[in-house]
Every structure is written in C-alpha cells, then in structure tokens.
Amino acid sequence: MDRIRIVGGNRLNGTIPISGAKNAALPLMIASLLTNETLTLDNVPRLADVAMLKRILGNHGVDCMVLGKRSGQNGMQGESIELRAGDIVDTTAPYDLVARMRASFWVIGPLLARMGEAKVSLPGGCAIGTRPVDLFIEALKTLGADIDIEAGYVFARAPKGLRGARIVFPKVTVGATHVAMMSAALAKGETVIENAAREPEIADLAACLVKMGARISGAGTSTIHIEGVDRLAAARHAVMPDRIEAGTYAMAVAMTGGDVLLEGATAANLEKPIEVLTQVGAEITATNRGLRVTRNGNGLAPVDVTTEPFPGFATDLQAQLMALVSRAEGTSHIRETIFENRFMHVQELARLGADIHLDGQVATITGVGKLTGAQVMATDLRASVSLIIAGLAAEGETIVNRVYHLDRGFERIEDKLGACGAAIERLSG
Ligand code: EPU
C-alpha cells in the first residue's frame, strides 16, 4: 500500500491548478443513465472514486470512453469522457460495488425513472457515521415508487413511471436532493423539492440536466421546481472546480505560510471558508485566474466554527481546519453537525502533537507551539488530507499510511504540493 512521506517546514509558493469537483463529477456521471444518448463530461478529475463509478455504471450497461488529449492540454487538466447508456442491461447495483462507494446508491433514481425498476444494495455504514438512506426512500415514494427492503437491497418499482409531487425534506441532504432532481426530471408533471440542499454541486448537476433537455429552475436555492419531460438527450458539460480541494489547499498555505494561486477556484463557492481563513490569519484575494492565498510569518488566530449545509462551513473542510488551528495561538472550538462520527482524525493529529479534546460533537483545540512528525494512519478522505496539512508544518518526517483514502478524492496531491515547494513524496508498495 502506498504511503506519503512529508518533511515539514517548507513554505508553499506557486500555482496549484484546481481539479474538477469529485462531488459534482459523481452525480453528473450517474445522470448519464437517464438517456440513451451520449453525455460528454469535460474536466473530470482523475480519482479512484471516478474510476470506481465507471465500473459501476459499466455494470448497468454504460459505455464509457475517455477522449484523447487535445493540443495545449497538460497532465494536470481533467479528462473528457463520453458516457452512453444505450441499453440498460442490468437494473441491479450489487452490494460489493455499492459498499465500496456510497454515492453509487444514487443510481437508484435514474434507473427507476428510466426503466421503472431498480434493485440497489443498501450502502451500509462508513467511517464517518451511519449515513442512512431513509430520505431517499421517502422522496422516491413521494414520486410514486413502491419500495421494499429485503435482504439488504432496496427494490424500487414504478412500472407506469414516476409522478411529479411535492417533496419536503425534513433535513438537508445533498445525495437525496440529487436523486430527487434526477428522478423528477423524467416524472410525469411537476415536482417541487423543498428544503433542498443548496450546494453548488446541485446547481452544477441541474445545469447539465437542463442541457440534456430537463426543465429545472431554482437549483442552488432551497426550492427546486422540475417540470418532467418524456426523454432526455445528448449534452456536453464541464465539471465545476472542486471547492473542497481549493479550500484544502488554502488551509495548507495558511498553515505553512507562503503565496499560492489556486487556479480556477471561485470565491462564490467558498465564502464561508474564506471568512474563516481570514479570521485565522490568511489573506485571500480573488483574481481573474483564481484565488490567491497568502500568509506572512505571523501567528494563527483561533476560531469557533460549526459545520453546516451550504452556504455554511462545509463538513468536508472540518478536519483540515482542525489541523490548521492546532497551531493557533489560543483555543478553537469546532462543532460537527452533519456527521456524528467525523472525528477519526483527532487521534491521528494527536500523534503529531495536537492538543484536541472531544466532547460529543464539539472539539476543543488548544493551539500548540509546534507539531512533530510521526507515523499516522489515514481513515477517510478528508481526515487523510488533514494529516498532510499537519505534516507540512510538523518538525521532521511524517508518514501517512493508507493513502488510498486520499486517492479517492485528491488528484496528484503530492505533485501539486511538491510543485509549490513542499517536501512530499509517495512511497510505493
Ligand atoms: N441523511 C439521512 N438520511 C438520508 C440521507 C442523509 O439521515 O436518507 C443524513 C446523513 O446521515 C447526514 C446528513 O443527512 O447526517 C447529510 O448527508 P447528505 O445526504 O447531505 O450527504 P451525502 O449526500 O451522503 C455528500 C457528499 C459528502 C459530504 C456531504 C455533506 C458526495 C458524493 N458526498 O454526501 O462528501 O460530506 O454531502 O456535504 O457528494 C466527501 O467528499 O468526503 C464526502 C463525504
């Protein structure tokens, strides 16, 4: 298994190209199931999760072709892929695939909407919490599906097609909003989704569905209107830049000091993290090429932050912020409200010398003068990258084990950080 070795202490200076967003690419790829025509996606990040989803979609009959490079493209740019679900050959998503990647549960919506049936394994728990699927099931029932749960599988049927309806989510959920929107795009009549997730990835999926012929308005707000259509068609869409990757590198620069341009990052998707980073002591300016992050050698200030659905502070940046403020001058508090168990990084950060006390959903972080390199274990995607951020500022050598978690969501992290002066390398095997 690969490991990452870091020798801390270097400042970061240079340019980091921001990849396409994992959490937009996944639902966009799944949307290819809604039509028998070709969906072309540009700026698709080269990630383990994307590769896994290609396999899962292939199982349903989706042909996936990676388009060749064009002149002027370099290795840092995302892939262009063509997805064509000419015939859906299988409406079952088996346990061994769904258990490996939770978002693959989302195929349930498009399969049901297009084929009138889907049999999808329950995803099971994951490292960050129990993550139930009750809200997906309620939403699909509201759209007229019959649902049975048997032997670990959700059987969804709507032989006469789905019917538009009013879906009111009792809690904000990104995944069930994606699924409700994709399903309603092919339902008969009008659907209104209330208390919808407002994440920019929802708006990105809606923009693509509209190019495919869907009639959707309001995506990106808490009320989405969808007028069902009979069929969707070919379209071409570029995946939005990854706001979580951008926020992560911004925290890395705040941690080490330096001056980095996050190429392609947009401030509009990062307002809250920018506010928090500014409080901590980084300076972030929007330029026409992306966001420029600087910090001089001054100390970091502590913060009190609560994770919330967008536009609040993202849970996907919580671990990284915790690593950053472990070096602040004073005490910070971070409350996690989205996932009940997203604190796996706490014990690993402690191995590097961080002083973190957990009380239920609140972490109290007392800043320490220095972190010291150590062997640590990656436990989930965002926890892994928090260890990298800490390692960049720790004295001596940090080895991060189980790097496959990192490869699920960060494209060439060692190349991107290395190009800005970090002493970081991948140790194979
Ligand atoms: N929830 C339910 N029932 C449901 C669905 C969700 O109780 O049927 C709960 C969840 O357990 C959680 C909360 O609702 O407590 C919010 O979960 P949500 O559905 O919004 O999360 P998700 O769609 O499973 C996506 C991202 C996550 C990100 C969350 C929150 C993708 C592929 N995943 O997950 O990303 O943390 O939204 O923003 O888009 C990551 O990239 O590292 C990651 C975990």
Side-chain angles (χ1 to χ4, degrees), residues 19-31 45 47-50 52-53 56 98 100-109 120 122-142 147 149 154 156 167 169-182 193 195-205 222 239-240 242-248 269 272-273 306-320 336-345 361 378-386 405-411:
S19 296
K22 169 181 82 81
N23 289 349
L26 300 178
L28 287 165
M29 291 170 69
I30 289 173
L47 298 171
D49 271 9
V50 166
M52 172 61 70
L53 186 57
I56 291 168
V98 180
R100 282 200 239 171
M101 192 177 63
R102 232 193 105 78
S104 59
F105 182 81
W106 302 353
V107 299
I108 194 166
V120 180
L122 288 165
C126 73
I128 60 177
T130 49
R131 302 180 81 180
V133 292
D134 54 326
L135 303 176
F136 291 78
I137 290 174
E138 281 313 309
L140 294 175
K141 280 185 177 166
T142 307
I147 308 255
I149 300 181
V154 180
I167 298 171
F169 283 117
K171 173 176 189 177
V172 175
T173 150
V174 173
T177 302
H178 280 312
V179 164
M181 201 163 68
M182 286 192 273
I193 306 176
N195 199 25
R198 288 181 280 167
E199 269 65 5
E201 292 75 15
I202 302 280
D204 203 34
L205 173 64
S222 50
V239 179
M240 64 177 278
D242 196 321
R243 65 194 168 97
I244 304 299
E245 188 196 25
T248 299
N269 293 339
K272 189 69 192 180
T306 298
T307 63
E308 282 166 321
F310 192 85
F313 190 87
T315 173
D316 290 347
L317 287 171
Q318 180 254 105
Q320 299 90 314
E336 170 61 54
T337 68
I338 309 293
F339 294 112
E340 73 279 9
N341 192 28
R342 205 170 203 183
F343 283 123
M344 306 283 278
H345 43 285
Q361 295 301 102
T379 48
D380 74 65
L381 171 58
R382 311 302 175 187
S384 325
V385 84
S386 77
H405 288 293
L406 207 60
D407 293 334
R408 291 188 39 215
F410 287 93
E411 187 174 4

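Counting starts at 1 for both ligands and their atoms, in listed order. Values below: every heavy atom of this structure, side chains too, minus hydrogens, waters and symmetry copies.
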Which of His405, Gln320, His345 passes side chain to side chain contact (heavy atoms under 4.5 Å, CB included) with Val385? It is Gln320
Phe136 heavy atoms within 4.0 Å reach ligand 1 at atoms 5 (C), 8 (O)
Any heavy atom of Asp316 under 4.0 Å from ligand 1? The part involved is side chain
Separation between CG (Asn269) and CD (Glu199), nearest 0.5 Å, reads 10.5 Å
Judging by distance only, is a nitrogen or oxygen of Trp106 under 3.5 angstrom from one on ligand 1? no
If we number the atoms of ligand 1 from 1 as shown, the ones under 4.0 Å from a heavy atom of Gly175 are 19 (O), 23 (O)
For ligand 1 and Ala176, I'd like to know whether there is a polar contact (N/O to N/O, distance under 3.5 Å). no
**Study point:** side-chain contact (heavy atoms from CB on, under 4.5 Å) between Phe169 and Ile193, intermediate numbers included
**Key:** CA-CA 8 Å; Phe169 283 117; Ile193 306 176; 3.5 Å; yes
Here the gap from Glu245 atom CD to Leu47 atom CG, rounded to the nearest 0.5 Å, amounts to 8.5 Å
Among Arg342, Arg382, Arg102, closest by heavy atom to atom 44 (C) of ligand 1 is Arg342
>> Can a donor-acceptor pair be found, under 3.5 Å and without considering hydrogens, that links the side chain of Asp204 to the backbone of Met240?
In response: yes
- Message: Checking the N or O distance criterion of under 3.5 Å, is ligand 1 in contact with Phe339?
- Response: no
Look at ligand 1 and say whether Lys22 reaches it with a heavy atom at a distance under 4.0 Å. yes
- Query: Under a heavy-atom criterion of less than 4.0 Å, does Pro132 contact ligand 1?
  - Reply: yes
When rounded to the nearest 0.5 Å, the distance separating CD1 of Ile167 from CD of Glu138 is 10.5 Å
Value for OG (Ser386) from CG (Leu317), rounded to nearest 0.5 Å, stands at 11.5 Å
Exactly one of Thr337, Thr379, Thr307, Asp316 clears side chain to side chain contact (heavy atoms under 4.5 Å, CB included) with Arg342, and that residue is Asp316
Min over Glu336, Lys171, Glu308, Glu199 of heavy-atom distance to atom 9 (C) of ligand 1 lands on Lys171
In terms of relative ring orientation, are Trp106 and His178 parallel, tilted or perpendicular, with 30° and 60° separating the classes? tilted
task = Using distance alone, decide if ligand 1 has a nitrogen or oxygen within less than 3.5 Å of any nitrogen or oxygen in Leu381.
result = no
| task | Check whether the side chains of Gln361 and Glu336 place a donor and an acceptor atom closer than 3.5 Å, and report yes or no. | result | no
Of Thr173, Val133, Leu26, the one whose closest heavy atom lies nearest atom 19 (O) of ligand 1 is Thr173
Within the 4.0 Å heavy-atom cut-off, what Thr315 brings close to ligand 1 is side chain
Rounded to the nearest 0.5 angstrom, the CD1-CG distance for Ile244 and Asn23 is 7.5 Å
Within the 4.0 Å heavy-atom cut-off, what Ile244 brings close to ligand 1 is neither
Note: Glu340, heavy atoms under 4.0 Å from ligand 1, region reported as neither
Looking only at distance, does Val174 have an N or O less than 3.5 Å from an N or O of ligand 1?
yes
Closest to atom 2 (C) of ligand 1 by heavy-atom distance, out of Asp134, Ile30, Thr307, Val385, is Asp134
